[in-house]
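Bear in mind the structure is a predicted one, so any value in this text is a computation, not a measurement. Order of listing sets the numbers, starting from 1, for every ligand and every atom in it.
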Amino acid sequence: MQRTLAKDTLDKIGEEVLLRGWVLTVRSHGKIAFFDLRDRSGTLQIAAFDPKQVQNVNSLSQQDAVEVVGKVKKREGKFVNPNTPLGTVEIEASKVSIVAKAKELPFDMGGKDLLLELPTLFDHRSLALKHPKIAKIFKVQAALSSEFRKAAQELDCVEIFVPTIAKGATEGGAEVFKVDYYGSQAFLTQSPQLYKQIMVGVYERVWTIAKAYRAEPSVTTRHLSEATQMDIEIGFIENFEELLDALEFVGTTMIKNASEKNKDILSEFGIEAPLVPTKVPRLTLREAQEIVSKRTGRDLSKELDLNPEDEKEIWLWAKEEHKSDFVTITHFPTKKRAFYTMPDPQDPQYSLSYDLLFKGLEILSGSQRIHKLDELTKRMKEKGVDPGSFGMYLAAFLYGMPPEGGFSFGLERVTMKLLELSNVREASLFPRDMERVDERLSGNQNK
Ligand code: AMO
């Protein structure tokens, strides 16, 4: 018999089917027994009335991989479960067999939520990821990356694949992992930045989804040591605004489309559709700081950036004034941005840079770039970056680099905010931080 997916049983009332999946919860009621079976398409109730099958069902444990043969029955009246998409049917099992037995679980996976501390969830990641609610986080993440890809293609960008081992530190600063590269020093890339810029000289417009490594010196709810960046870089730009238009287009369409395609998951997480305005409000950093000062009475005139509290306040402002969960902040101080960032010709203390905030968190950063070689090497030296380590990158500026710029979204941050998760680690399949790489670096409770 050919396998039927759980979701297709709705069209097979009265038919005999073969299902394969995992056991979620078993409910024994003496002479009858039930269990929920999960496959890639959904979750379905299996019922056993025949004594032999009741015995088989009672011997099942959570996460056993099983095969079921049975008849699809329509559930009527009070037997319908309105809380699940396949709640109008059940399978009356004629044969239940175990394909792969699961070991006893360290915690109960049967509930709607996994109410455990994050470290416990990460200590048992291979299992915890199988919980339907956790698995849904990464379905939304897959939708976000897919919508990013579509938006990038709509902007006529070409996909590129870039290295993650580099000769120089791509973003400068101390947060860089060193690699012993055949006895020479190399680094894990902090971003695809240098490669995407080089590729502007080839294709004009490029996109990539790449891993970025940051030796973050502390554990926060917003920082991972390995993050996924979704990047775009655009050449022959006419002005700074063109970059703002592009990033707002990609950010809003990606989040809007991914939300619309996953309405059921958003509602399971108790989340309203994001507020996507037709025009994203834009503020310079100074304007944003003035708004926050007015609203909170805090003096931000000496601050060089927005702190997490300020970002939240700006979100409240954007919701009230513009019905928007998005705000673009521009013109950060030149000294706070990476060496490739173009200073504003009107006021070089500030730069042609931007962040996109979504629900009060920076999900994107970028800038117009310095595209003239002499200015670029001058800035590198001012920033203490050795041009000698960036020979291949700088060579791209010898051969006709047009005015250009770009941006990068942090995939885990977008996922975290869209689903209103409290920690970015929950939006990373296998989160890395200073305390963990796969397993805890010390005091691992599995040991
Ligand atoms: P930036 O360093 O701001 O800019 O990174 C871009 C976006 O990536 C995400 N992000 C992170 N997410 C989780 N953990 C981290 N440690 C982390 N670091 C960054 C954020 C951030 O907005 N090359 C530039 C981009 C550009 O100019 O095109 C860059 O990397 O969402």
Peer 1: Distance under 4.0 Å, heavy atoms only, partner ligand 1: which residues pass?
Peer 2: E171, S191, Q193, K196, R214, E216, R222, H223, L224, A227, Q229, Y340, E362, I363, L364, S365, G366, R369, G406, F407, S408, G410, R413
Peer 1: Applying side chain to side chain donor-acceptor pair (under 3.5 Å), run through Q62 and D108 and close with a yes or a no.
Peer 2: CA-CA 8 Å; Q62 286 183 15; D108 181 23; 2.6 Å; yes
Peer 1: Tell me whether the guanidinium CZ or amine NZ of K319 lies under 6.0 angstrom from the six-membered ring centre of W315 and within 45° of its axis.
Peer 2: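 Yes, cation above the ring, under 6.0 Å and within 45°.
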Peer 1: Report yes or no: do R379 and T334 form a side-chain donor-acceptor pair below 3.5 Å?
Peer 2: no
Peer 1: What heavy-atom pair brings L188 and V176 nearest, and what distance separates the two atoms?
Peer 2: O-CG2, 4.1 Å
Peer 1: Are R298 and Q289 close enough that a side-chain donor and a side-chain acceptor fall under 3.5 Å?
Peer 2: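 No, because no side-chain N or O of R298 sits under 3.5 Å from a partner of the opposite role on Q289.
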Peer 1: With side chains defined as the heavy atoms from C-beta onward, is the minimum distance between F358 and F409 less than 4.5 Å?
Peer 2: no
